[in-house]
Number of protein chains: 2
Amino acid sequence: MAAADASRDRVFAAAATAFAAHGFAGTSVDRIAHAARLNKAMIYYHFRNKAELYREILRDMFGAVGARAGAVAASNRPPADKVREFIDTFATEAEARPHFPPIWFREVAEGGPHLDDATLGDMTGVLKSLASIIEEGVRAGAFCPISPLLVHAGIVGPVLLFFASAGIRRRVERSGVRGAATLTRGEVVAHVQRVTLGLLEGRT
Amino acid sequence: MAAADASRDRVFAAAATAFAAHGFAGTSVDRIAHAARLNKAMIYYHFRNKAELYREILRDMFGAVGARAGAVAASNRPPADKVREFIDTFATEAEARPHFPPIWFREVAEGGPHLDDATLGDMTGVLKSLASIIEEGVRAGAFCPISPLLVHAGIVGPVLLFFASAGIRRRVERSGVRGAATLTRGEVVAHVQRVTLGLLEGRT
DNA sequence: GTCTATAAATAGATAGAC
DNA sequence: GTCTATCTATTTATAGAC
């Protein structure tokens with residue numbers, strides 16, 4: 001945290017950005033070092049190797065999202081508010097860590113070979129938190145019983161796709177689709193909240 | 001197509017599987033050759049280089065989906081049926097080409113650096129076809145006007161996530177989430193159809 | 001903590017025999 | 001069409017000076 005760790009933080013940030021843009025295999029240690037304005041040897045001074053650096057980024061990412069989702073589920077509010085908050089929180093975390101949506105997509109595509117059990121537990125915790133919110137709503141008579149996996153996919157899929165696709169959407173806009181690049185975070189969150197609650201409250 | 005092309009097809013299939021599992025950078029030409037039961041030099045006999053092989057897989061994938069989405073939009077049926085068919089067709093293509101959801105995710109995560117303009121056009125065509133279906137429904141008084149980008153994300157996000165996450169869902173199931181691995185294609189398609197039509201027909 | 005230099009392995013791509 | 005052998009560049013990782 002002190003000045004002693006400044007270079008370690010630069011490595012961490014540069015690596016997160018590079019891994020998001022080019023993937024684990026597509027990112028060389030040299031590239032990370034250069035982006036962090038450091039020499040390659042410094043990477044190995046701070047981290048055991050490239051894989052360990054990558055895993056630390058995954059832990060930070062899934063740990064934060066898992067914890068915040070758990071806090072929402074444990075809070076003291078009506079189920080419908082918790083669902084709204086779950087979606088908004090998820091979007092907030094995705095926005096605060098721009099590397100998070102691309103890396104989540106890549107890990108899913110790959111089957112998660114870099115995910116250790118604890119980190120997979122954080123990922124699973126997001127799903128379990130959502131499941132507990134739904135269960136609570138069903139017990140309270142506010143929600144219909146719907147598979148948490150489907151609800152989860154209906155939230156996580158669109159939100160991650162929105163944040164991860166900013167680059168492609170700019171190209172799509174240029175090729176003639178009006179509004180592709182100007183879609184905002186607020187519109188997406190409001191839309192997903194509306195669709196999810198409509199579903200859970202049986203208005204569909 | 002004849003026996004002369006058998007080895008080319010094996011390269012194509014092996015490459016699609018490997019690129020889906022490990023990404024472009026994470027897949028070596030040697031690995032593809034081995035999976036195709038051929039020598040590395042044969043890859044270069046059939047394809048100019050690794051990037052050109054990858055691009056051909058992208059073209060095949062997005063070309064097929066783009067064409068089928070266009071056919072659904074152009075068909076002669078009520079808008080609500082077209083929406084159902086659009087979703088089912090998208091899932092069918094994703095299932096027929098198991099490499100397609102992971103590769104789509106990776107391309108989105110990367111910003112599509114491997115996508116040439118024609119292929120990006122096919123990807124955009126999927127969105128445009130959906131937009132034309134929605135517009136038709138609005139004109140007919142059957143649909144509310146909703147941003148095609150949001151509807152698109154609500155379909156493509158969950159469906160791709162479902163197919164791409166089979167590996168992770170098996171691990172999640174083992175770590176205690178019942179039903180994570182046994183969710184079926186039919187359940188997902190029916191769910192997305194229901195949510196999407198509920199939204200478009202204003203029952204939400 | 002930070003660097004240069006380098007080892008050792010692996011990658012993409014080609015030449016040329018059969 | 002298919003192979004072996006090889007060239008060249010790049011990559012991860014380490015040794016050791018400052």
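In what follows, chains are A, B, ... by sequence order, proteins preceding strands, each numbered from 1.
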When you check the gap from the basic side-chain N to the acidic O, do A/Asp116 and A/Arg59 get nearer than 4.0 Å? yes
Please give, in whole Å, the distance from D/dT2 C1' to B/Tyr45 OH? 9 Å
Any carboxylate oxygen within less than 4.0 angstrom of a Lys/Arg side-chain nitrogen, looking at B/Arg169 and B/Glu173? no
Using a strict 4.0 Å threshold on nitrogen-to-oxygen distance, state whether A/Arg68 and A/Glu93 make a salt bridge. yes
Using whole Å, what does the distance between atom C1' of nucleotide D/dT11 and atom OH of A/Tyr54 come to? 18 Å
Under a 4.0 Å N-O cut-off, is there an ion pair linking A/Asp88 with A/Arg185? yes
Rounding to an integer number of Å, can you tell me how far B/Asn49 CG sits from C/dG12 P? 11 Å
Reckon B/Ser28 has a side-chain N or O less than 4.0 Å from the OP1 or OP2 of C/dT10? no
Within this structure, what is the CG-to-P distance between B/Leu53 and C/dA13, rounded to whole angstrom? 11 Å
Per atom distances to the B/Ala41 side chain, the nearest of D/dT12, C/dA13, D/dC3 is D/dC3
In whole Å, what is the span from the CZ atom of A/Phe47 to the C1' atom of D/dT12? 16 Å
Look at the side-chain N and O atoms of A/Tyr44 and state whether any lies under 4.0 Å from the OP1 or OP2 oxygen of D/dA13. yes
Hey, which of these two, B/Arg37 or A/Ala51, hits DNA chain D nearer its 5' end, going by closest nucleotide? B/Arg37
Salt-bridge test for A/Arg8 and A/Glu56: reply yes if a basic N is under 4.0 Å from a carboxylate O, no otherwise. yes
Between D/dG1 (P) and B/Arg10 (CZ): distance, integer Å: 12 Å
Between B/Phe24 (CZ) and C/dG12 (P), how many Å, whole number? 8 Å
Nearest-nucleotide pick for A/Lys50, side chain only, options being C/dA13, D/dT12, C/dC3: D/dT12
Identify which nucleotide among D/dT4, C/dC3, D/dT12 has an atom closest to any side-chain atom of A/Val29, counting heavy atoms from C-beta outward. D/dT12
Gap between atoms NZ and C1', on A/Lys40 and C/dT4 respectively (whole Å): 11 Å
Mind checking A/Leu38 for me? I need base, sugar-phosphate or nothing, with any heavy atom below 4.0 Å counting as a touch. sugar-phosphate
